[in-house]
J.: 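Got a structure for you, written out below as structure tokens; questions coming shortly.
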Protein chains: 2
Amino acid sequence: MKPSVVTIEPNGHFCSDCAVRASAVCSSLDAAELREFEHLGRRVHFASGETVFSEEDITTSFYNVIEGVMRLYKLLPDGRRQIVGFALPGDFLGMNLSGRHNFSADAIGAVTVCQFAKAPFGRFIESRPQLLRRINELAIRELSHARDHMVLLGRRSADEKVATFLLGWRQRLLALGGSLDTVPLPMSRQDIADYLGLTIETVSRTFTKLERHGAIEILHGGISLRDPARVEALAAA
Amino acid sequence: MKPSVVTIEPNGHFCSDCAVRASAVCSSLDAAELREFEHLGRRVHFASGETVFSEEDITTSFYNVIEGVMRLYKLLPDGRRQIVGFALPGDFLGMNLSGRHNFSADAIGAVTVCQFAKAPFGRFIESRPQLLRRINELAIRELSHARDHMVLLGRRSADEKVATFLLGWRQRLLALGGSLDTVPLPMSRQDIADYLGLTIETVSRTFTKLERHGAIEILHGGISLRDPARVEALAAA
DNA sequence: CGCGACCTTGACGACGTTCAAATCCCGTGG
DNA sequence: CCACGGGATTTGAACGTCGTCAAGGTCGCG
């Protein structure tokens, strides 16, 4: 939200060193392709709270998250917000059919992305069906998550929502090499509420309730899973 | 739900005559490819209420909806249901990464699909990047709808949900060549409720309220939009 | 005609929201 | 080192929307 202080590294970075090399779209490219691909993207840094792109903006770039966490959200005209997902390293953002982004994205904490101009990226894909296949895989994975989240939003109670969120978030961090039972929550309570279709008060109360029951411990910027089994029972998978 | 009475047309159908030729995945194929493609799919009919595939089933086929309406849904262990979408002619179903379907699909009224065995379809795609691109387009379109629906489920009131649903459903039918202000609703009230994250009673009450206010007229198997502007205002786009 | 599925309507209550205030936490500056 | 200030979070109390439970109505079909 503060005035944009975007840093662009002119070059001096290499895909082969990239932290998300194995999990991102680029995992579909071989060494030779990667060298060519390297020239298409530039690393860009965003400070906490900065907006990377907004809903309805014309799409000029695609983004590969390298580091940090982003919130992806849509706003109703009256200001109500729904967070449609959190992006983590390896996630690929910006695909759409309309030529405009269909959600907004901003940085939660410091974020590094690999930014690709739309046209050259599109041209590069033309001749690399395996890259297209990889992008398609990521889209299908997102779609599956989106459907799971619809179930959560439409059919689960507040307790279930929060418990399911904590387990799912932990699972994603584990897949990226996180720790076992201390779960960092870089997003605010308001973000969590807007993700789960609740109010900030309900989220706060539910956290407190879970803590009172010995299921979790509330820490600064996260929680500790004291009784994973109990949380799983609440999530009622 | 009744014992399966699936009819398979052995052959005698041609893609070139297909009603969804222009809008479905196959729109990406030229005449020569289409003749080859023709041998991969077979038309299958399902009666009202029959299940085409179930969540967690191993994926053996993909499906192209030719005619009719299907509900796509997920169930929680205790029986709560969330409908994640309604499929109409031109929709392509069955893509997933896990090798298992991640939702169930059944026919609402009589349905005709074009069914493709997974393996040969996969092989056919290998050498047709434009078909892959088309599939990717459909996935991205679905993703965009899914995000819109998350906003509806998480952040809209019952009135807004119902009004938004009516307008969106009408829009989809219009795109398929439907009529202007009489909107057929082949799905039950329960289906609508499970799609909107409401109960059947709330849906029914909201319909009645809209009718009392002169916004719609409730018909058998559908509604008539008496005052589209009023409904749009309620939807609070 | 009568059964059953689907839909509507009403009364009531619960879960989550709203509104309000207190508390915590951390960075800043005296 | 500690006081201050502002944002985020927690807590409390009252309220309202929507869910629950129950009854009644409508329609199609055997």
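Computed from a predicted structure; not experimentally measured. Any value given below was found using the heavy atoms of this structure, including those in side chains, with hydrogens, waters and symmetry copies removed.
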J.: Is the phosphate of D:dA8, meaning OP1 or OP2, less than 4.0 Å from a side-chain N or O of A:H220?
T.: no
J.: Above 12 or not: heavy atoms from other molecules or residues under 6.0 Å from CD of B:Q171?
T.: no
J.: Using distance alone, with no hydrogens and no angle criterion, decide if A:S179 and A:T182 have a side-chain donor and acceptor under 3.5 Å apart.
T.: no
J.: Give the rounded distance in Å between these two atoms: CD1 of B:I200 and C1' of D:dT20.
T.: 13 Å
J.: Are any side-chain N or O atoms of A:Q82 and backbone N or O atoms of A:D194, one a donor and one an acceptor, separated by less than 3.5 Å?
T.: yes
J.: If the plane angle is over 60° it's perpendicular, under 30° parallel, otherwise tilted; pick one for A:F103 and A:F53.
T.: tilted
J.: Quick one, give me the B/S/- string for nucleotides 14-19 of chain C, reading 5' to 3', where B means a protein heavy atom under 4.0 Å from the base and S means that only happens at the primed atoms, P, OP1 or OP2.
T.: --SBBB
J.: Tell me the interatomic distance from A:L210, atom CG, to D:dT10, atom C1', rounded to whole angstroms.
T.: 15 Å
J.: Assess the pair A:F116 and A:Y63: is the distance between their ring centroids shorter than 6.0 Å?
T.: no
J.: So does A:E55 have more than 12 non-hydrogen atoms from other groups sitting under 6.0 Å from CD?
T.: yes
J.: If only side-chain N and O atoms of A:S204 are considered, is one of them under 4.0 Å from the OP1 or OP2 phosphate oxygen of D:dT11?
T.: no
J.: How far does the helix from C:dC1-D:dG30 to C:dG30-D:dC1 bend, going by the axes of its first and last five pairs, to the nearest 10°?
T.: 30°
J.: Rounded to the Å, how far apart are A:L185 CG and D:dA8 P?
T.: 16 Å
J.: Measure the acute angle between the ring planes of A:F62 and A:F92, then classify it against the limits of 30° and 60° as parallel, tilted or perpendicular.
T.: tilted
